[in-house]
Amino acid sequence: MRRTRTLLLAMTAALLAMSAAPGTAAAAESGEVVVFGTELTPLAVYPDPSGCYKLPADAHVLANRTDRPVTIYADPFCLTPGLTVQPSYGSHVAAGSGSFSA
C-alpha cells in the first residue's frame, strides 16, 4: 500500500512538472539574436531562437537581445565548450566556423 501511494505521488509530481514546462519555455523564447558581419552585408537576425544555429561565414559580433543566456561555440554543431552571453550583452565571435544556441 505504501509503495503504491509513493508511486502515485511520484507520477502526479511528474505530470505537474511536465504540464508546467511548456508555459515556461514559451515565455522564455522572446527576443532575437542579431549577428553583425561587415559593413557590406545586412545583419543576420534570428527571431525567438531555439536550438543550435551556425553563424554566418562573415560573423563578427553577436548581440543577445533575448531574455535568456545564449551560448557561443567554436564549432558549427554547438558541441565544444562555449562562452555564455547574458541578455542585453554581446560578444565577438569566430568567423566562418562558429555557432550559437539559445
* Note, E32 side chain near T66 side chain (heavy atom, < 4.5 Å) -> no
* To do: For residues A102 and R68, report the shortest heavy-atom separation together with the two atoms involved.
  => CB-NH2, 3.6 Å
* **Euclidean distance, H92 NE2 relative to L83 CG, rounded to 0.5 Å** => 12.0 Å
* Asked: How far does OG of S97 sit from NZ of K54, to the nearest 0.5 angstrom?
  -> 7.0 Å
* Is the closest side-chain heavy-atom distance between T71 and F100 below 4.5 Å? -> no
* Determine, using the 4.5 Å side-chain heavy-atom cutoff (strictly less than), whether Y46 and L43 are members of one ILVMFWY cluster. => no
* **Heavy-atom closest contact (V33 atom, P49 atom, distance)** => CG2-CG, 3.7 Å
* For the residue pair V93 and V61, establish whether any side-chain heavy-atom pair is separated by less than 4.5 Å. => no
* To do: Please report the shortest heavy-atom distance between P76 and C52, naming the atom on each side.
  => O-SG, 4.2 Å
* **Test side-chain contact (heavy atoms from CB on, under 4.5 Å) applied to S91 and T84, N64, V85, the passing residue** => V85
* To do: Using distance alone, with no hydrogens and no angle criterion, decide if Y53 and S99 have a side-chain donor and acceptor under 3.5 Å apart.
  => no
* Asked: When you look at V34 and R65, which way does the side-chain contact (heavy atoms from CB on, under 4.5 Å) test go after all the steps?
  -> CA-CA 7 Å; V34 179; R65 298 176 49 96; 4.0 Å; yes
* Structure fact -> Value for CG (L40) from CG (D58), rounded to nearest 0.5 Å, stands at 9.0 Å
* Min side-chain heavy-atom separation Y73-S101 under 4.5 Å -> yes
